[in-house]
Number of protein chains: 2
Amino acid sequence: MARVGIREVAAYAGVSMGTVSHFLNHPDRVSAQKADRIQQAIDQLGFVRNNAARQLRLGHSTTIAYIAPDVSNPFFSTLAEGAEERAAEAGYSVFLANSKGERHREDSYLALFQEYGVRGLLVGSPLPIEDRLQAIRRHGTPSVLVGRRAGSELQPSVSIDDVLGGRLAAEHLIKTGRRRIAFVGGPISVQQVSDRLQGASVAVRESGTATLEVIDVGTRLIATGHEVGAAIAARPRTARPTAIFTANDLIAIGLAQTLSTSGIDIGADIAIVGYDNIEYAENAIVPLSSIRPPHEEFGRAAIDLLLETIDSDGPLAEPHRVFAPELVIRASSAKSRTRRRS
Amino acid sequence: MARVGIREVAAYAGVSMGTVSHFLNHPDRVSAQKADRIQQAIDQLGFVRNNAARQLRLGHSTTIAYIAPDVSNPFFSTLAEGAEERAAEAGYSVFLANSKGERHREDSYLALFQEYGVRGLLVGSPLPIEDRLQAIRRHGTPSVLVGRRAGSELQPSVSIDDVLGGRLAAEHLIKTGRRRIAFVGGPISVQQVSDRLQGASVAVRESGTATLEVIDVGTRLIATGHEVGAAIAARPRTARPTAIFTANDLIAIGLAQTLSTSGIDIGADIAIVGYDNIEYAENAIVPLSSIRPPHEEFGRAAIDLLLETIDSDGPLAEPHRVFAPELVIRASSAKSRTRRRS
DNA sequence: TTGAAAGCGCTAACAG
DNA sequence: CTGTTAGCGCTTTCAA
């Protein structure tokens, strides 16, 4: 099949190339009659517009790229959906890329999308990346850092208030009568982990009566929860915490499984609150209380911020959007300890 | 910052545009001295090559797009990783897009990527899509259907032998002494579900002694497993199956949870085998036996097939790659029933 | 409302 | 080994 461009369409429809282009970009400025003929030619010939040429001529594309560290994380996909929706409303498309949190992959996608001339970038990364984004911004490609508050006022970001999340979890546990609280998570060097711990810590301190034991772990997987659970179950009953707040739901799920198996009544003997509110939390043997980040708005906000940045030339008045998570109470922490004693 | 193209680089380095272009595309054909100067100019100026112009000139891009119905499905991300690896080896980049299995989103991405002139497409879809891919192929963009065997010899595809998967599961259950087997899954109209059932069915028939009860359900979620589990637990002991094979791991996990709670010993009283071997399967209270599709090779195979298609003009000799899944035995089905009786 | 023509930045063919 | 140059397909003045 011979390649068909607007030249072929024009010839077939008996008009000039300019008119076809007009039809494509300002349909209202073409007479109905010719519009018809052109549309027919397009259908007939199966014309597909060449984006490279269009973009070259226009000087910019109408695409936004989202580079994420972990595409399989539901956090990401929910976010991406919100972003795509909002982007579509504004006439943009979104391409996804998976960096796996690896620096060289981030770099190569960053470079690739720059070459592609994307209009802007959404970037999530566990790595230090602000300086790289700054360099790219200098070259005319704006970006929004996703998932972490940026340090610079020049670097827009959307993030979640993890300190608040930690506080909500701990306050809930304290309010329902738990005193000996444990935090399971790590490494503390990860910002999100330390924020969550900090929030919990503040709530415990403010309570005046509760205590916080920090169990620092190197990973945040279900298996991690299994290990910690076994260690806790092995303690004498009085040395066990009465409530556990974990850095994420996976640890919490592992913990609940092992503790249950050891005959501990989750929700009564030991309450558990996780973090992230993953789908599985709701469906665990004992449905898991969790901290829910507002993912839907998140993606939309990221695009909004990016669009603002594209439209303005100076720095934004409010470059950092911080969202409040909320507590979802389920069976793993629902029973109040005081009620149970009565 | 003024936009810098190869013209600026050339001026800065004191060479011609052509030499810069050569340096970029055939570095070996440029003297070391000028190469140095050019590299310096590029770094100094922060030159980023304009892909639109390059692509326009070249007539094709060096990008492959992967349109997937569910980006958050680990199946997808594992596959994508394999694909990206293989693509990178061959000098291609991979863009991802999330169709959510919705027709209009598929269509718009299909059109978008065509306009972008991607070199080829990987497409996963729960919908009938072969005719659309055919139309696109006619216009010069080849594709590989992922996850399902294509009907046409002109449409390359990579898929998994689900009939074999079902057979492996059932044979294993029969071999370990189970006779009353149940299949939980649905809707049967979904190819993958009916294939898995069919495989199990054949194995049961061949055994001569086992029986197969089909429990047709409308969804395949953990909650589905909860429901079916409750129904089974409510039966008199003798009317319960001694083994259950499920259409996916989620159902199996729900099933195991509810049956356990009802005092049924998973693996002894009732064996369970799931499908997909998701991460949770390994970490469930009772680790779940499952059928593992070979995801890693899958992504690589898809790209290989696509590259072959790009390089050849006629139809491929072997357009359909079908992979064999394997059985992973864990505690949920490990104990042999005969051994237990002795 | 329509047509003619310039040129976006780059690559490769060709000449030197 | 290096420079010159002709377009790739499209959009958009500008003129009619």
*Asks:* Return the angle between end axes of the helix from dT1(C)-dA16(D) to dG16(C)-dC1(D), with five pairs used per end and rounding to 10°.
*Replies:* 30°
*Asks:* Who are the side-chain contact (heavy atoms from CB on, under 4.5 Å) partners of Arg148(B), not counting sequence neighbours?
*Replies:* Ser125(B), Ile129(B), Leu145(B)
*Asks:* Glu106(B): what forms a salt bridge (Lys or Arg N to Asp or Glu O under 4.0 Å) with it, not counting sequence neighbours?
*Replies:* Arg132(B)
*Asks:* Sequence neighbours left out, what passes salt bridge (Lys or Arg N to Asp or Glu O under 4.0 Å) with Arg103(B)? Give chain and number order.
*Replies:* Asp107(B)
*Asks:* Can you check each nucleotide of nucleotides 10-16 of chain D against protein heavy atoms at under 4.0 Å and return B for base, S for sugar-phosphate only, - for none, in 5' to 3' order?
*Replies:* BBBB---
*Asks:* Mind checking whether Tyr109(B) and Tyr116(B) have ring centres under 6.0 Å apart?
*Replies:* no
*Asks:* For residues 314-322 of chain B, dump all side-chain donor-acceptor pairs below 3.5 Å to protein atoms at least two apart in sequence or in another chain.
*Replies:*
residue   : atom : partner   : partner atom : Å
His320(B) : ND1  : Ser157(B) : OG           : 2.8
His320(B) : NE2  : Ser152(B) : O            : 3.2
Arg321(B) : NH2  : Glu308(B) : OE2          : 3.2

*Asks:* Any pair with a residue in residues 13-39 of chain B that passes salt bridge (charged side-chain N to carboxylate O under 4.0 Å, His left out), sequence neighbours left out, goes on the list, sorted by first then second residue, please.
*Replies:* none
*Asks:* Does anything in residues 59-83 of chain A form a salt bridge (charged side-chain N to carboxylate O under 4.0 Å, His left out)? List the pairs, not counting sequence neighbours.
*Replies:* Glu81(A)-Lys100(B)
*Asks:* Of all residues at least two apart in sequence or in a different chain, which pass the side-chain contact (heavy atoms from CB on, under 4.5 Å) check with Pro27(A)?
*Replies:* none
*Asks:* Using the heavy-atom set of chain B and a strict 4.0 Å cut-off, write down the first and last nucleotide of DNA chain C that makes it in, 5' to 3'.
*Replies:* dG9(C) to dA12(C)
*Asks:* Got a sec, which residues hit side-chain contact (heavy atoms from CB on, under 4.5 Å) with Leu307(A), two or more places apart in sequence or on another chain?
*Replies:* Arg86(A), Ala90(A), Tyr92(A), Ile303(A), Ile310(A)
*Asks:* side-chain contact (heavy atoms from CB on, under 4.5 Å) with Gln44(A): which residues, sequence neighbours excluded?
*Replies:* Tyr12(A)
